[in-house]
Amino acid sequence: VFRLLPPRMDNSAEDYRIQSFDLDTQVLLKTALKDPSSVNLEKVSNIIMDQSLKDQVFSKEAGRICYTIVQAEAKQSNGNVFRRNLLNRLQQEFKDREETRSRSLQEWVCYVTFICNIFDYLKVNNMPMVALVHPVFDCLMRLAQPDALMNEEEVDCLVLQLHRIGEQLEKVNSQRMDELFFLLRDGFLLQEGLTSMARLLLLEILEFRAGGWLLSSTAHKYYYSEISD
């Protein structure tokens with residue numbers, strides 16, 4: 001049973017950010033959203049994955065498209081072809097993650113954003129998908145390694161994902177969350193050569209979790225006035 005999220009605006013192409021595709025692909029995706037059994041869902045999952053890897057804005061939104069297609073397919077035929085293909089593809093990309101990271105930092109950051117987005121949206125009986133818990137943690141742990149903390153882009157990605165799904169992840173595996181935060185604390189306290197922005201982001205996320213995944217209004221003012229200055 002997949003949870004229903006509150007409807008956000010109408011389900012226009014714009015809402016799902018699919019207007020960046022060519023027309024044939026837009027038609028394919030729109031059809032998949034409404035009538036999934038009439039299209040090749042493996043092809044659809046590959047299109048969504050490929051676009052997510054190269055388009056950072058799309059990788060943040062793609063979970064909603066996937067969620068809608070999964071819902072539609074379950075309702076239409078009780079099927080899970082799309083979800084199965086999507087998970088296979090996520091797994092395949094996960095195996096190649098180091099290669100991806102060394103080839104293109106942007107693609108790697110997009111991958112992490114996408115898998116976290118899928119983790120956030122696709123639930124079974126209101127619970128996160130077990131298959132994704134360890135891969136998501138592995139990606140976040142990778143972003144917390146000393147070499148990654150030297151890249152603001154990776155720190156930024158890590159902090160954004162923790163804001164979004166940190167609390168859910170901690171509920172399913174608090175031990176791994178502790179391990180992740182040991183790395184972040186050590187990075188913040190001990191690592192030399194971090195940019196001041198990276199330090200600020202790390203401090204903010206350490207406080208965010210310490211406050212029960214909430215920022216006090218004073219802390220919010222402090223960090224966000226710093227960032228906008």
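Only heavy atoms go into these numbers, but all of them, side chains included; no hydrogens, no water, no symmetry mates.
Taking 4.0 Å as the cut-off between side-chain N and carboxylate O, Arg209 and Asp178 count as a salt-bridged pair. A salt bridge does not link Asp96 with Arg103: every distance from a Lys NZ or Arg NE/NH1/NH2 to an Asp or Glu carboxylate oxygen is 4.0 Å or more. The pair Arg89-Asp50 meets the salt-bridge criterion, with a side-chain N (NZ, NE, NH1 or NH2) lying under 4.0 Å from an Asp/Glu carboxylate O.
Using a distance-only test at 3.5 Å, with no hydrogens or angles considered, a donor-acceptor pair links the side chain of Glu73 to the main chain of Val81. Although no hydrogens or angles enter the test, the distance criterion places no donor-acceptor pair under 3.5 Å between the side chain of Glu107 and the main chain of Thr100. In terms of modelled atom types and a separation under 3.5 Å, the side chain of Gln76 and the main chain of Ser37 share a donor-acceptor contact.
Here Ile165 contributes atom CD1 and Ile115 contributes atom CD1; the two are 9.0 Å apart, rounded to the nearest 0.5 Å. Rounding to the nearest 0.5 Å gives a distance of 9.5 Å between OG1 of Thr195 and CG of Leu200. Here Phe208 contributes atom CZ and His163 contributes atom NE2; the two are 5.0 Å apart, rounded to the nearest 0.5 Å.
Considering every non-hydrogen atom in both Ser52 and Ser59, the closest pair reads O-CB, 3.4 Å. For Asn117 against Glu61, the heavy-atom pair with the smallest separation is OD1-C, 4.0 Å. The shortest heavy-atom contact between Asp35 and Ser38 is O-OG, 2.7 Å.
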**Study point:** Chi angles and distances behind the side-chain hydrogen bond (donor to acceptor under 3.5 Å, both in side chains) call for Trp108, Glu98
**Key:** CA-CA 8 Å; Trp108 155 240; Glu98 274 305 323; over 6 Å; no
Exercise for review: Just do the side-chain hydrogen bond (donor to acceptor under 3.5 Å, both in side chains) check on Asp186 and Gln191 with the steps written out, would you?
Suggested key: CA-CA 7 Å; Asp186 285 355; Gln191 191 165 326; over 6 Å; no
